[in-house]
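Have a look at the structure below, then the notes.
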Amino acid sequence: NHRNTIEIACLAQHFYAGTDAGKPDLPVRKGQIPPYLIDYGVLEYMTRRIVRHAGIHPNDLIAVITANNESQDAMRRRLEPACQNERLHFEWYRSGNKRVPDFSREGIVLLNIQSVKGLEFDSVIIADLHRHYVGRHSEAHKMKLYVATSRARDRLYLFYNRAIDCPLLKFMPGEDI
């Protein structure tokens, strides 16, 4: 996978659950910033960070990826009006929607994790890392996160709420994320 930076690809590989083809080769392109792991506490804080990011990077296609439809609905209730207030382009999609977002246009696209395979974005924001289940089928869940994190070309942010147990933190590389 050579769409993203070496820093993003290295983090994504922590979620790699394996295929017969083996781990993909790492890209050589260095990024300007490393991936960030951010404790957001309240949804309003994360919403402000996302909107601010879109304002700083107005020509970017930004994916906000949630773990499930419930999380997506909660994020949409906050993010859609915030984007309207700032005059930012906003679309959302989940499997089964008849209308597909315009992925060639800059702005924010809100997706659930089941809808990201095969897509790529300038920035990817995993909105609720603590809601991604790791348990009996942890390999399948890790692989979904591998796919989601590897969609980022230039910037990757993983938001979680420290007040809620986040089993996926054990797969993180450590303090230098």
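Heads up: numbering here begins at 1 and tracks the sequence. Any value given below was found using the heavy atoms of this structure, including those in side chains, with hydrogens, waters and symmetry copies removed.
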Handout entry: hydrophobic_cluster_shared for Leu129 and Ile164, side chain cutoff 4.5 Å
Key =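 In one cluster with Ile164: Leu129, no.
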Practice task
Following the transitive rule for hydrophobic clusters with a side-chain heavy-atom cut-off under 4.5 Å over Ile, Leu, Val, Met, Phe, Trp and Tyr, establish whether Ile38 and Val42 coincide in one cluster.
Solution key: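 Yes, Ile38 connects to Val42 through the hydrophobic network.
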Exercise for the section: Identify whether the distance between the nearest side-chain nitrogen and carboxylate oxygen of Asp60 and Arg153 falls below 4.0 Å. Expected result: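 Salt bridge absent between Asp60 and Arg153.
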Handout entry: Test: Arg78 and Asp73 ion pair at under 4.0 Å
Key = no
Can you tell me how far [atom2] of [Y] sits from [atom1] of [X], rounded to the nearest 0.5 angstrom?
| X | Y | atom1 | atom2 | result |
| --- | --- | --- | --- | --- |
| Asn4 | Arg155 | CG | CZ | 12.5 Å |
| Gln114 | Asn69 | CD | CG | 7.0 Å |
| Ile8 | Ile6 | CD1 | CD1 | 11.5 Å |
| Ile113 | Ser71 | CD1 | OG | 11.0 Å |
| Glu7 | Leu26 | CD | CG | 10.5 Å |
| Leu79 | Arg48 | CG | CZ | 13.0 Å |

Does a side-chain heavy-atom distance below 4.5 Å link [X] with [Y]?
| X | Y | value |
| --- | --- | --- |
| Thr66 | Leu110 | yes |
| Asp122 | Ile62 | no |
| Ile33 | Asp154 | no |

Handout entry: Audit row: Ser123, His53, side chain to side chain donor-acceptor pair (under 3.5 Å) steps and yes/no
Key = CA-CA 9 Å; Ser123 299; His53 178 79; 2.9 Å; yes
Are the side chain of [X] and the backbone N or O of [Y] linked by a donor-acceptor pair below 3.5 Å?
| X | Y | answer |
| --- | --- | --- |
| Thr149 | Leu145 | yes |
| His130 | Asn161 | yes |
| Asp39 | Arg162 | yes |

Practice task
Would you please indicate if the ring centroids of Tyr40 and Tyr45 are separated by under 6.0 Å?
Solution key: no
For the student: nearest non-hydrogen atoms of [X] and [Y], plus distance:
| X | Y | result |
| --- | --- | --- |
| Gly55 | Pro58 | O-CD, 3.6 Å |
| Gly31 | Thr5 | CA-CG2, 3.5 Å |
| Ala148 | Val124 | O-CG1, 3.7 Å |
| Tyr16 | Met143 | CE1-CE, 3.8 Å |

Handout entry: Trace of the side-chain contact (heavy atoms from CB on, under 4.5 Å) decision for Met75 with Ile50
Key = CA-CA 11 Å; Met75 192 74 233; Ile50 293 168; 3.9 Å; yes
Practice task
Among residues two or more places apart or on two chains, list those pairs meeting ring-ring contact (aromatic ring centres under 6.0 Å, His included) that have a residue in residues 67-101.
Solution key: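 Every candidate ring-ring contact (aromatic ring centres under 6.0 Å, His included) pair involving residues 67-101 fails, so no pair, neighbours aside, qualifies.
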Practice task
Can you spot which of Arg99, Arg76, Arg105 makes a salt bridge (charged side-chain N to carboxylate O under 4.0 Å, His left out) with Glu91?
Solution key: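 Considering Arg99, Arg76, Arg105, a salt bridge (charged side-chain N to carboxylate O under 4.0 Å, His left out) with Glu91 is found only for Arg99.
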Exercise for the section: Establish, from distance only, whether the side-chain atoms of Asn68 and Arg131 form a donor-acceptor pair under 3.5 Å. Expected result: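 Not at all, the side chains of Asn68 and Arg131 share no donor-acceptor pair under 3.5 Å.
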Exercise for the section: May I have the step-by-step check of side-chain contact (heavy atoms from CB on, under 4.5 Å) for Phe121 and Leu119, ending in yes or no? Expected result: CA-CA 7 Å; Phe121 303 90; Leu119 301 173; 3.6 Å; yes
Handout entry: Greater than 12 external heavy atoms within 6.0 Å of Glu44's CD
Key = yes
Problem - Listed partners of Arg52 passing side-chain contact (heavy atoms from CB on, under 4.5 Å), at least two apart - result: Arg49, Ile56
Handout entry: Ile65 and its side chain to side chain contact (heavy atoms under 4.5 Å, CB included) partner, picked from Ile126, Asp128, Leu158
Key =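 Among Ile126, Asp128, Leu158, the one that satisfies the side chain to side chain contact (heavy atoms under 4.5 Å, CB included) with Ile65 is Ile126.
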Exercise for the section: With side-chain contact (heavy atoms from CB on, under 4.5 Å) as the test, would you mind laying out the steps for Phe103 and Leu61 before giving the verdict? Expected result: CA-CA 7 Å; Phe103 293 111; Leu61 178 59; 4.3 Å; yes
